[in-house]
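The structure appears right after this line, and notes come after that.
What you are looking at is a predicted structure, and each value in this text was computed from that prediction instead of being measured. These values consider heavy atoms only, across backbone and side chains, with no hydrogens, waters or symmetry-generated copies. Whatever order the structure lists ligands and atoms in, that order sets their numbers, starting from 1.
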Amino acid sequence: MTGRKLHPATLAAQALGWTDAATGAVIMPIHTATTFIRDPDNQYRRGRSYARADNPTYDQPEQLLTALEGGAGSLLFPSGMAAATAIFGSLPPGSHIVAPRVMYWALRRWLGEASLTAEFVDATSLDAIAAATQKGRTKLVWIETPANPLWSVTDIAGAAEIAHRAGALLAVDSTVATPILTRPIELGADLVMHSATKYLNGHSDVMAGTVTAARDDEAWRRIVGARSSGGAILGGFEAYLLLRGMRTLPLRVERACRSAEKIAAALAANPRVAEVLYPGLPNHPNHAVAARQMQGGFGGMMSIRVKGGEKAAIATAAHVELWKRATSLGGVESLIEHRASVEGPGTPVPPDLLRMSVGCEDPGDLLADIEQALDQAA
Ligand code: PLP
């Protein structure tokens, strides 16, 4: 593309402006090869030998993500969990790590069973992160912001400073913020992870994950090596679909933010709703931090607590017609979910909570639908 610094919307819409030199095609081909020709002198000068390490179809989405995040390099994985576990897998066994008490539940459960010493803290408190992070012992501080499903927000710059003072890395699960709203590397993060299954792809039809590194250093090369030797490889077709989704990421995120703001404000005034959890609302406990580190909006994710408890919450979800009762988030279609039913015993999620992923439909239609469902459930 041009030598000028371009806006993320331009980088994404043109997918960095790549065209296929061999054919002039404005869309790059999908590569299906699992193996690559060795040069007659026994070298692999074109840089590729076998597709468990890499696939040319990854180049464009990885480089686009690197540009959007402002990092040094990115890797695609076959799921968000594969991306996250590649980061943890690159640490020495038994490493002490600090992680949030409120975070994506399946990863919290995985960390509890992994051969790591995980300490879970209230990640909305820098004091709590600092108290758990020990110089010379802690290898990694993991945060997720905004965090599932209370949408609590962690001060990324503050967490980075604490981690670095202790000689640890800071890794951020930025799935919900996306690089459109937050660029953790600019705030000091070392690694950024996404469940690309969500906003990056955006169409509920690809499982994928990503890791972006702030620097091409030894820690990053361990993760690159772990993907190649561990074999957590995305298919070429999925990489192509992911890139196609990423080209509209700014549009979709902007739409979801504007709609979520409207829906959150209206539901906060609804007498059948006990509480709306959305970092964009001025009364959200972490609103000030969110306003400082998120640009252009507060995301498309919110939760509501329904008056009448668990029964009323499940009944509300039963009466929606437009919102789809399904897990996941970040797709063009809006989803609603009784989260405690998914997470089971021991969850920090209140039983009256419905998690809502605002998609790209008309916000008035979405609001009318949830309002009629609340009325019917009452
Ligand atoms: N991180 C967050 C914030 C998520 O919401 C999810 C999935 O819901 C994951 C990680 C895991 O990603 P995946 O389902 O793509 O493995």
Side-chain angles (χ1 to χ4, degrees), residues 61 65 69 74-89 99-114 118 120 123 142-154 156 171-182 184 189 191-212 227 230 232-235 238-239 241-242 245-246 253 256 277 279 294 298-303 324 326-331 333-344 347-349 353-359:
L65 183 61
E69 290 287 4
S74 299
L75 286 176
L76 303 187
F77 287 87
S79 68
M81 282 298 286
T85 58
I87 295 176
F88 292 112
R101 221 170 269 143
V102 174
M103 65 183 286
Y104 175 57
W105 74 285
L107 185 56
R108 187 179 64 226
R109 191 181 57 184
W110 183 90
L111 283 172
E113 293 163 0
F120 295 96
W142 180 271
I143 59 173
E144 175 183 327
T145 183
N148 255 298
L150 308 181
W151 315 116
S152 38
V153 176
T154 298
I156 299 171
V172 181
D173 181 342
S174 196
T175 297
V176 167
T178 81
I180 304 307
L181 304 177
T182 307
L191 296 166
V192 181
M193 171 258 153
H194 290 277
S195 166
T197 314
K198 318 300 187 203
Y199 288 100
L200 293 185
N201 177 62
H203 294 76
S204 306
D205 56 5
V206 172
M207 291 293 298
T210 66
V211 181
T212 300
R227 186 183 73 173
I233 281 296
L234 189 68
E238 284 73 14
L241 279 179
L242 173 58
M246 286 170 69
V253 169
L277 302 168
M294 299 180 82
F298 296 91
M301 293 306 300
M302 71 177 77
S303 294
K324 302 279 173 263
T327 196
S328 202
L329 57 98
E333 66 289 296
S334 295
L335 305 179
I336 191 164
E337 180 177 49
H338 181 250
R339 197 62 202 163
S341 297
V342 177
E343 301 198 9
T347 172
V349 177
L353 182 143
L354 292 174
R355 185 178 87 170
M356 299 161 73
S357 169
V358 177

What distance do [X] atom [atom1] and [Y] atom [atom2] have between them, rounded to the nearest 0.5 Å?
X      : Y      : atom1 : atom2 : answer
Met207 : Glu238 : CE    : CD    : 11.0 Å
Thr178 : His194 : OG1   : NE2   : 7.0 Å
Leu335 : Leu354 : CG    : CG    : 12.5 Å
Leu329 : Thr327 : CG    : OG1   : 8.0 Å

- [ ] Check if Lys198 has a non-hydrogen atom at a distance under 4.0 Å from any atom of ligand 1.
- [x]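 Per 4.0 Å heavy-atom rule, Lys198 contacts ligand 1.
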Nearest-contact summary for [atom] - protein heavy atom, Å:
atom                    : value
atom 2 (C) of ligand 1  : Asp173 OD2, 3.4 Å
atom 16 (O) of ligand 1 : Met81 N, 2.8 Å
atom 11 (C) of ligand 1 : Tyr104 CE2, 3.3 Å
atom 15 (O) of ligand 1 : Thr197 OG1, 2.6 Å

Task: Minimum side-chain heavy-atom gap Leu277-Leu353 below 4.5 Å - done: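 The answer is yes; the side chains approach within 4.5 Å.
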Sub-4.0 Å atoms of ligand 1 with respect to non-hydrogen atoms of [X]:
X      : answer
Ser79  : 15 (O), 16 (O)
Gly80  : 12 (O), 13 (P), 15 (O), 16 (O)
Glu144 : 3 (C)

- [ ] Classify the contact between Asn148 and ligand 1 as side chain, backbone, both or neither, using a heavy-atom distance cut-off of under 4.0 Å.
- [x]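 Within the 4.0 Å criterion, Asn148 contacts ligand 1 through side-chain atoms alone.
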Task: Glu343 with Arg108: basic N within carboxylate O range, under 4.0 Å - done: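 Salt bridge flag = yes for Arg108 with Glu343.
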TODO: Run through Asn201, Asp205, Leu65 and flag the one making a side-chain contact (heavy atoms from CB on, under 4.5 Å) with Leu242.
DONE: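 Exactly one option meets the side-chain contact (heavy atoms from CB on, under 4.5 Å) with Leu242, and it is Asn201.
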